[in-house]
**Student:** 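Let me begin by handing over the structure; questions about it come next.
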2 protein chains.
Amino acid sequence: MQTTNSTEQQIIDAARKIFMHKGFSGARMQDIADEAGINKAMLHYYYRSKDKLFDMVFNEAVEKLLSRVSAVFTADLLLEDKIQGVIGSYISSIAENPYLPLFIMNEINQDPDRIIDRFVNTPSFPNIQEFMMMLNAEMDKGTIRRVDPVQLMISIVAMCVFPFIAKPLLKAVFKIGDPAFAQFIEERKAFVSSFVLSALRP
Amino acid sequence: MQTTNSTEQQIIDAARKIFMHKGFSGARMQDIADEAGINKAMLHYYYRSKDKLFDMVFNEAVEKLLSRVSAVFTADLLLEDKIQGVIGSYISSIAENPYLPLFIMNEINQDPDRIIDRFVNTPSFPNIQEFMMMLNAEMDKGTIRRVDPVQLMISIVAMCVFPFIAKPLLKAVFKIGDPAFAQFIEERKAFVSSFVLSALRP
DNA sequence: TGAGGTATTAACCAAATGGTTAAACGCTTC
DNA sequence: GAAGCGTTTAACCATTTGGTTAATACCTCA
């Protein structure tokens with residue numbers, strides 16, 4: 001059924017946009033209806049409540065974010081190439097959904113317990129073990145400096161994600177506009193890769 | 001007047017707590033009144049509206065955050081000692097106000113324009129120039145590797161701040177509790193310092 | 001064509017929420 | 001002790017907001 005799918009999809013798209021920008025409590029059902037160009041009652045016709053609609057958007061977002069974090073941690077090539085490639089594609093993929101990280105962080109903080117169940121069952125849960133074992137192997141071989149793998153992983157994600165979370169702040173502090181920021185992000189791929197690899201030199 | 005000051009202060013403290021945890025739209029005036037242990041009408045007696053009360057809390061928070069970011073960027077010692085000392089104290093000071101960064105990021109994203117005016121007039125606006133010149137001087141001397149100073153600064157802040165923004169996520173992903181997280185933060189001071197300095201080796 | 005189901009809407013409702021008001025309380029001062 | 005003042009409260013108000021309902025438009029299929 002075309003019409004049904006279309007309307008359902010329009011609602012999800014609108015809900016994603018509004019929830020991402022305003023958060024759960026800041027989002028109004030009327031805003032979502034307007035954004036989707038439909039009547040407010042339709043939201044309740046397809047998705048029973050604001051909570052249900054939010055869950056739909058939120059789960060999708062978590063899934064997306066986790067699969068991206070997974071990509072960073074999953075490694076089966078040479079460390080150097082892997083880090084380089086993975087950081088680049090990670091930054092690129094967030095650039096396509098710049099509001100995703102802040103949205104997730106924020107909503108998780110609102111209600112930390114809600115997320116935990118979700119995580120255990122998520123298929124794309126990051127494979128941390130594999131990446132840590134790879135790091136340990138390289139450290140044993142002496143090809144990279146010995147560091148705490150967890151601290152390292154979090155640092156990599158931090159350097160990739162933070163610019164998007166802090167975008168308006170950074171634009172103000174460094175007095176740059178949107179084009180310059182986009183260029184900054186593009187350059188950041190190479191910077192983070194080389195920064196991390198430099199830090200790992202024995 | 002003791003009572004006045006006390007009540008006023010109670011309100012501010014309560015408002016800070018509620019706004020920080022729930023954000024502007026998620027916070028209820030009744031919540032703040034309850035937290036302060038007073039009648040809701042008192043909030044309007046001392047501060048005219050929710051917006052006014054929020055501004056009070058928000059400005060204070062911005063001031064606090066900026067002065068801390070400033071501390072990172074202000075440098076007048078040897079680079080190595082400076083970086084080490086500053087990262088440590090920066091992480092410590094955020095640890096005392098772990099909700100501050102996410103709160104600021106989030107509210108700025110809600111209404112980016114509001115912050116810009118605020119920034120220009122803030123006395124504790126970070127002295128970026130000084131730090132950048134210092135970095136450039138060291139690069140010219142060849143004591144550190146040549147990197148983009150802006151990318152570097154943002155990376156340092158990212159590594160310090162991100163763990164607090166992502167705390168519930170990290171706790172879930174790495175399956176750690178509050179004590180382990182506190183230890184992680186404590187260890188992070190040394191890690192980030194040594195990571196940055198290692199990355200800057202020529 | 002029209003019966004039957006689905007999609008859509010306008011109007012409505014109850015609860016929550018920011019904000020107001022008028023009365024009461026308590027303290028100081030004469 | 002009561003006049004005068006700032007403080008505090010309970011009750012109230014108007015608007016917003018999530019959610020419902022009953023009627024209507026639309027679409028398919030016999």
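Numbers restart at 1 for each chain; the letters A, B, ... are given by sequence-line order, proteins then strands.
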**Student:** Classify the nucleic acid contact of A:A27 as base, sugar-phosphate or nothing, counting any heavy atom under 4.0 Å across all strands shown.
**Tutor:** sugar-phosphate
**Student:** When you get a sec, tell me which of D:dT20, C:dG18, C:dT8 is the closest nucleotide to the side chain of A:H44?
**Tutor:**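 Of the candidates, D:dT20 comes closest.
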**Student:** A:R48: what forms a side-chain hydrogen bond (donor to acceptor under 3.5 Å, both in side chains) with it, not counting sequence neighbours?
**Tutor:**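 By the side-chain hydrogen bond (donor to acceptor under 3.5 Å, both in side chains) rule, A:R48 matches no residue at all.
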**Student:** State the dot-bracket string of DNA chain C. Criteria: Watson-Crick or G-U wobble, both atom distances under 3.5 angstrom; notation: ( ) intrastrand, [ ] crossing earlier pairs, | interstrand, . unpaired.
**Tutor:** ||||||||||||||||||||||||||||||
**Student:** By side-chain contact (heavy atoms from CB on, under 4.5 Å), which residues pair with A:T143, not counting sequence neighbours?
**Tutor:**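 side-chain contact (heavy atoms from CB on, under 4.5 Å) check on A:T143 returns A:E138, A:K141.
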**Student:** Return the set of residues passing side-chain contact (heavy atoms from CB on, under 4.5 Å) with B:Q183 (not counting sequence neighbours), or none when no residue passes.
**Tutor:** B:E187
**Student:** What residues form a side-chain hydrogen bond (donor to acceptor under 3.5 Å, both in side chains) with B:R146, not counting sequence neighbours?
**Tutor:** B:D140
**Student:** Roughly how many Å is it from OH in A:Y47 to P in C:dA7, rounded to a whole number?
**Tutor:**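 Whole-Å distance recorded here is 12 Å.
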**Student:** Would you kindly give the CG-to-P distance between A:D34 and C:dT8, to the nearest whole Å?
**Tutor:**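 Distance, rounded to whole Å: 16 Å.
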**Student:** Could you tabulate the donor-acceptor pairs under 3.5 Å formed by side-chain atoms of residues 33-42 of chain B, not counting sequence neighbours?
**Tutor:**
residue, atom, partner, partner atom, Å
B:D34, OD1, B:Q30, NE2, 3.0
B:E35, OE2, B:K17, NZ, 3.3
B:N39, OD1, B:A41, N, 2.8

**Student:** What residues, two or more places apart in sequence or in another chain, satisfy side-chain hydrogen bond (donor to acceptor under 3.5 Å, both in side chains) together with A:R28?
**Tutor:**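 Per chain and number, A:R28 pairs via side-chain hydrogen bond (donor to acceptor under 3.5 Å, both in side chains) with no residue.
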**Student:** Starting at CG of A:L53 and ending at P of D:dT17, how long is that distance when rounded to a whole Å?
**Tutor:**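 These atoms are roughly 16 Å apart.
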**Student:** Ignoring the backbone of B:T7, work out which of D:dT8, C:dG19, D:dG19 is nearest its side chain.
**Tutor:** D:dT8
**Student:** For A:S25, enumerate each residue passing the side-chain contact (heavy atoms from CB on, under 4.5 Å) test, keeping only those at least two apart in sequence or located in another chain.
**Tutor:**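 Counting only residues at least two positions away or on another chain, A:S25 forms a side-chain contact (heavy atoms from CB on, under 4.5 Å) with B:S25.
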**Student:** Please evaluate residues A:S198 and B:R145 with respect to the criterion side-chain hydrogen bond (donor to acceptor under 3.5 Å, both in side chains), reporting the C-alpha separation (whole Å), side-chain torsions for both, the decisive distance (0.1 Å), and the verdict.
**Tutor:** CA-CA 9 Å; A:S198 293; B:R145 208 163 55 87; 3.1 Å; yes
**Student:** Please give, in whole Å, the distance from D:dG19 P to A:Y45 OH?
**Tutor:**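 For the pair A:Y45 OH and D:dG19 P, the rounded distance is 18 Å.
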**Student:** Measure the acute angle between the ring planes of A:F58 and A:F54, then classify it against the limits of 30° and 60° as parallel, tilted or perpendicular.
**Tutor:**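 Judged by the thresholds at 30° and 60°, the geometry between A:F58 and A:F54 is parallel.
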**Student:** Please give me every residue in residues 35-42 of chain B whose heavy atoms get under 4.0 Å of an atom in DNA chain C, ordered by residue number.
**Tutor:**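 Result for residues 35-42 of chain B: B:K40, B:A41, sorted by number.
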**Student:** May I ask you to evaluate whether B:Y46 reaches the phosphate of D:dT8, defined as a side-chain N or O under 4.0 Å from OP1 or OP2?
**Tutor:**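 Checking B:Y46 against D:dT8: at least one side-chain N or O falls below 4.0 Å of OP1 or OP2.
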**Student:** In chain order, what residues pass the side-chain contact (heavy atoms from CB on, under 4.5 Å) check against A:D178, with sequence neighbours excluded?
**Tutor:** A:K167, A:K171
**Student:** Can you measure A:L43 atom CG to D:dG19 atom P for me and round it to whole angstrom units?
**Tutor:** 10 Å
**Student:** Would you be so kind as to tabulate the donor-acceptor pairs closer than 3.5 Å made by side chains of residues 153-165 of chain B, with sequence neighbours excluded?
**Tutor:**
residue, atom, partner, partner atom, Å
B:S155, OG, A:R188, NH1, 3.4
B:S155, OG, A:R188, NH2, 2.9
B:S155, OG, B:Q151, O, 2.7

**Student:** Compare side-chain N and O positions of B:R28 against OP1 and OP2 of C:dG18 and report whether any pair is under 4.0 Å apart.
**Tutor:** yes
**Student:** What is the distance from CD of A:Q30 to C1' of D:dT15, rounded to the nearest Å?
**Tutor:**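 Rounded to the whole Å, the gap is 14 Å.
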**Student:** Give, ordered by number, those residues of residues 13-23 of chain A having at least one heavy-atom distance below 4.0 Å to an atom of DNA chain D; if nothing qualifies, reply none.
**Tutor:** none
